Amino acid sequence: MNHFLDIHQTAPTNLRFMIDQARRMKDARDGKPKGAPDETQPLAGRMVALIFEKPSTRTRVSFDVGVRQMGGQTMILSGKEMQLGHGESIADTARVLSRYVDLIMLRTFEEATLHEMAEHATVPVINGLTDTSHPCQIMADVLTYEQHRGSVAGRKFVWSGDGNNVCTSWLHAAGQFGFDLTFTGPETLDPNPKAVEFARSKGSKVTITRDPLAAARGADAIVTDTWVSMHDPESARERRHNQLRGYQVNGAMMAQGKPDALFMHCLPAHRNEEASSEVMDGPQSVIFDESENRLHAQKAILRWCLGV
Ligand code: CP
Ligand code: NVA
């Protein structure tokens, strides 16, 4: 039984296996209607619980569709409507759910909640985003980059904006897949130091600079995310906007990257805040491929977790 909790906690050979399997499974579905079953049905007879303590569009729909394409069934649960949201412990919830379902996907706040769920569940647990990381997203993003430009190894990725949960998973991926990452943003929103240290310990070059145009120079991909995340207090909004205004990914920043640099964003986006609409809809943008690839990457993650 394998949990998929974080990219830095999953061996590089396993990560590579999942990316390659996702690609094969995606190719095999080419031209099929979305609801058509996959040729093989590795999740036949399996029940998957998808638990959300925060809103979601992509994670919710892509996991649901992916499980069904592979012959499994899903139930979507809102944390608030479960006893979990009314005082039942995470450990007891994990033990109970493990009697009914074959796998649990959890989107939650604290990273500790995810780890407690995994510790007490007797079925695999997948991280569907915490305040700290978003590994499924970055698996889809590695798949997306590689489909457009080949191996991520040795490339220069640039993160502009808030050093948030998605940025942390990019740093984990830098270490595990062997690429470099330059962060540009204000000092108060610097990336997670442990994630920076992890990437560096694996030999990746991690650069932190306050100058967005210098950061973007020679980039293979420029990545950003919302300036205010779901776990951030609403009161942070105005201050964040003032701090991050200079880090918008726009035409001027993209022009510093390589001519074939990609623009990436996990979505949902706030258009003309963290990125200009011109860049989001421009020829270098692969944002909707990233969304699509959540489906394919997670199908491979589900199979790896269940060993099927
Ligand atoms: N990118 C992502 O996880 O989107 P959702 O919040 O819509 O699931
Ligand atoms: N950083 C964002 C990502 C959403 C998919 C958040 O946590 O709200």
Side-chain angles (χ1 to χ4, degrees), residues 4-7 22 48-67 74 76-80 104-114 126-145 159-173 181 183 185-186 188-192 195 221 223-237 240-241 243-244 247-249 263-271 273-275 280 285-299 301-302:
F4 186 74
L5 301 182
D6 258 320
I7 288 178
V48 174
L50 306 172
I51 307 176
F52 291 91
E53 296 198 286
K54 288 176 178 168
S56 169
T57 297
R58 280 143 288 266
T59 306
R60 176 181 167 143
V61 178
S62 58
F63 265 107
D64 197 1
V65 170
V67 170
T74 57
I76 299 178
L77 303 162
S78 138
K80 271 194 219 108
I104 300 165
M105 193 288 315
L106 175 64
R107 166 168 287 194
T108 189
F109 290 88
E110 304 267 327
E111 189 180 34
T113 307
L114 175 83
I126 295 179
N127 176 357
L129 179 144
T130 69
D131 298 358
T132 310
S133 65
H134 196 3
C136 289
Q137 179 67 52
I138 282 37
M139 291 295 279
D141 292 349
V142 168
L143 174 64
T144 304
Y145 184 88
W159 178 277
S160 186
D162 177 21
N164 63 14
N165 47 1
V166 177
C167 180
T168 292
S169 287
W170 270 107
L171 283 160
H172 292 158
L181 193 137
F183 170 89
T188 46
L189 299 174
D190 265 352
N192 179 334
V223 192
T224 189
D225 185 15
T226 178
W227 287 343
V228 186
S229 285
M230 291 182 274
H231 60 270
D232 288 321
E234 190 50 37
S235 57
R237 185 167 292 276
R240 287 287 177 94
H241 278 237
Q243 286 176 302
L244 287 163
Y247 295 95
Q248 183 191 72
V249 182
F263 170 68
M264 305 184 77
H265 189 313
C266 65
L267 303 180
H270 298 80
R271 284 176 174 265
E273 291 183 9
E274 67 268 17
M280 287 182 62
S285 172
V286 292
I287 56 178
F288 299 112
D289 293 336
E290 293 176 74
S291 294
E292 179 186 340
N293 283 336
R294 292 293 301 278
L295 170 67
H296 307 293
Q298 288 159 193
K299 284 169 73 176
I301 293 168
L302 286 158

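Here the structure is a predicted model, which means the values were calculated and not measured. One-based numbering, in listed order, for ligands and for the atoms of each.
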Within the 3.5 Å criterion, strictly below it, is a donor on [X] or [Y] matched to an acceptor on the partner's side chain?
X: E290; Y: H265; value: no
X: E53; Y: T108; value: yes
X: N164; Y: D225; value: yes
X: H270; Y: T226; value: yes
X: D64; Y: T74; value: yes
X: S133; Y: D6; value: yes
X: N293; Y: T144; value: yes

(message) With a heavy-atom distance limit of 4.0 Å, tell me whether L129 approaches ligand 1 through its side chain, its backbone, both, or neither.
(response)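 The answer is neither.
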
(request) Could you tell me whether ligand 1 has any atom less than 4.0 Å away from a heavy atom of K54? (result)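 It does not, in that no heavy atom of K54 comes within the 4.0 Å cut-off of ligand 1.
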
Please list the nearest protein heavy atom to [atom] with its residue and the distance rounded to 0.1 Å.
atom: atom 3 (O) of ligand 1; answer: H134 NE2, 2.8 Å
atom: atom 4 (O) of ligand 1; answer: R58 NE, 2.8 Å
atom: atom 2 (C) of ligand 1; answer: R294 NH1, 3.3 Å
atom: atom 1 (N) of ligand 1; answer: L267 O, 2.8 Å
atom: atom 6 (O) of ligand 1; answer: R107 NH1, 2.8 Å
atom: atom 7 (O) of ligand 1; answer: T57 N, 2.7 Å

(request) Flag the pair L189 / Q243 as yes when at least one side-chain heavy-atom distance between them is below 4.5 Å, and no otherwise. (result)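 Yes. Closest side-chain heavy atoms under 4.5 Å.
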
(request) Over all heavy atoms of both residues, which pair between G128 and M105 is shortest? Give the atoms and the distance, please. (result)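 Closest approach of G128 to M105, heavy atoms only: CA-SD, 3.4 Å.
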
(message) Against F4, only a single residue in I301, N127, L302 fulfils side chain to side chain contact (heavy atoms under 4.5 Å, CB included); can you say which?
(response)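 Of the listed residues I301, N127, L302, the side chain to side chain contact (heavy atoms under 4.5 Å, CB included) partner of F4 is I301.
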
(message) Side chain or backbone, does C266 bring an N or O within less than 3.5 Å of an N or O on ligand 1?
(response)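 Checking ligand 1 against C266, an N or O pair does fall under 3.5 Å apart.
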
Dump the pairs for me: ligand 2 N or O, protein N or O, distance under 3.5 Å, to 0.1 Å.
residue  : atom  : partner : partner atom : Å
ligand 2 : 1 (N) : N164    : ND2          : 3.3
ligand 2 : 1 (N) : N165    : OD1          : 2.9
ligand 2 : 1 (N) : D225    : OD2          : 2.7
ligand 2 : 1 (N) : S229    : OG           : 2.7
ligand 2 : 7 (O) : N165    : ND2          : 2.8
ligand 2 : 8 (O) : M230    : N            : 2.8

